[in-house]
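Note on naming: letters A, B, ... go to the chains in the order of the sequence lines (proteins, then strands), and numbering restarts at 1 for each one.
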Protein chains: 2
Amino acid sequence: MELREIEIFLTLAEELHFGRTAERLHVSVSRVSQSIRKQERAVGAPLFARTSRKVELTAVGEVLRTGLRPAYEGIGTAVAAARPRRDAWPAR
Amino acid sequence: MELREIEIFLTLAEELHFGRTAERLHVSVSRVSQSIRKQERAVGAPLFARTSRKVELTAVGEVLRTGLRPAYEGIGTAVAAARPRRDAWPAR
DNA sequence: AATGCTTACGGGTCACGTAATGATT
DNA sequence: AATCATTACGTGACCCGTAAGCATT
């Protein structure tokens, strides 16, 4: 489970639509599908219930989203906090 | 910046020794070096000061570690919380 | 037939190990 | 010379897109 995949999961959890998710992240729909599938295998349960006209979070997916979102954002802010205004490489 | 790399960073920040870090994570020393280098490029500043006999966190590295550790652990617990006791796949 | 998700397939990229190199004590 | 980190280099793995397949309306 890598950050890029978590981003895909969280975006789909928000959009509830593979096409829009793919568009927002500038990847193919196939990629979104494969990524979700992979994460479902990793977790051991479906994260979304796909009917033909609807995509919705399962109970497990909901739990995952709730726990993951703040942690994911925490990583972003941690990196942003560390990044210096201007590159700060000492002479090497 | 992917989770696997963050794990390497956090482990090195704890061990302050490339060899032990590599051993703990079951990867090569080279991998640790390459990974850290990559993250330093991403952040825009050195994360560790390596002298021949010592490895220590820079100020930037310290900030990153402080922010990253709780977020990283949060991801682990989020996944653990979601994972069902027994696989719960509906009939497909 | 149109819309939306999944599966098959292939190629380009890069993760990661081995080996060689450099630096310090 | 021993110890520790970096760099060079090659290969296997996997990411990810295109295209075909399925299902539903």
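Between C:dT7, D:dT6, D:dG17, one nucleotide has an atom nearer to the side chain of A:V27 than all others, and that is D:dG17. Of the candidates C:dT6, D:dC4, D:dC16, the closest approach to any side-chain atom of A:Q34 belongs to D:dC16. Side-chain proximity of B:R37 to the nucleotides D:dT7, D:dA5, C:dC5 is greatest for D:dT7. For A:R53, the listed nucleotide lying nearest its side chain is D:dT24; candidates were C:dT6, D:dT24, D:dT3. Side-chain proximity of B:S28 to the nucleotides C:dT18, D:dC4, D:dT6 is greatest for C:dT18.
Summarising the geometry, the separation between CG on A:L47 and C1' on C:dT6 is reported as 16 Å, rounded to the nearest angstrom. Whole-Å rounding puts the B:R31 CZ to C:dC16 P distance at 4 Å. At whole-Å resolution of the value, CD1 in B:I8 and P in C:dG17 are 9 Å apart. Atom-to-atom, CZ of A:F18 to C1' of D:dA23 comes out at 14 Å; the value is rounded to the nearest Å. When the P atom of D:dC15 is taken as reference, atom CD1 of A:I6 falls 14 Å away, rounded to whole Å. Going from atom CD of A:Q39 over to atom P of D:dC14 covers 16 Å, rounded to whole Å. Atom CG of B:L16 and atom C1' of D:dT3 are 17 Å apart (whole Å). Taking atom CZ of B:R20 as the reference point, atom P of D:dC4 lies 8 Å away to the nearest angstrom.
When atom types are taken as modelled, the side chain of A:R83 and the backbone of B:A45 share no donor-acceptor pair closer than 3.5 angstrom.
Neither OP1 nor OP2 of D:dC4 sits under 4.0 Å from any side-chain N or O of B:R50. Look at A:K54 and you won't find any side-chain N or O under 4.0 angstrom from OP1 or OP2 of C:dG4.
Scanning both residues, B:A49 and B:T58, for their nearest heavy atoms gives N-CG2, 3.8 Å. Taking every heavy atom of both residues into account, A:L3 and A:Y72 meet most closely at O-CE1, 3.9 Å.
Among the protein residues, A:V29 comes within range of the nucleic acid bases, having at least one heavy atom under 4.0 Å from a base atom.
Donor-acceptor pairing under 3.5 Å, judged by distance alone, is absent between the side chain of B:S30 and the base of D:dT6.
Of the residues near DNA chain D, A:H26 and B:V55, the one whose nearest nucleotide (by heavy atom distance) lies more toward the 5' end is B:V55.
Using a 4.0 Å cut-off between charged nitrogen and carboxylate oxygen, A:E7 and A:R4 count as a salt-bridge pair.
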Quiz item: After noting the C-alpha distance and the side-chain angles of B:R41 and B:R37, does the key distance pass the side-chain contact (heavy atoms from CB on, under 4.5 Å) rule?
Solution: CA-CA 6 Å; B:R41 262 184 274 122; B:R37 179 70 55 146; 3.6 Å; yes

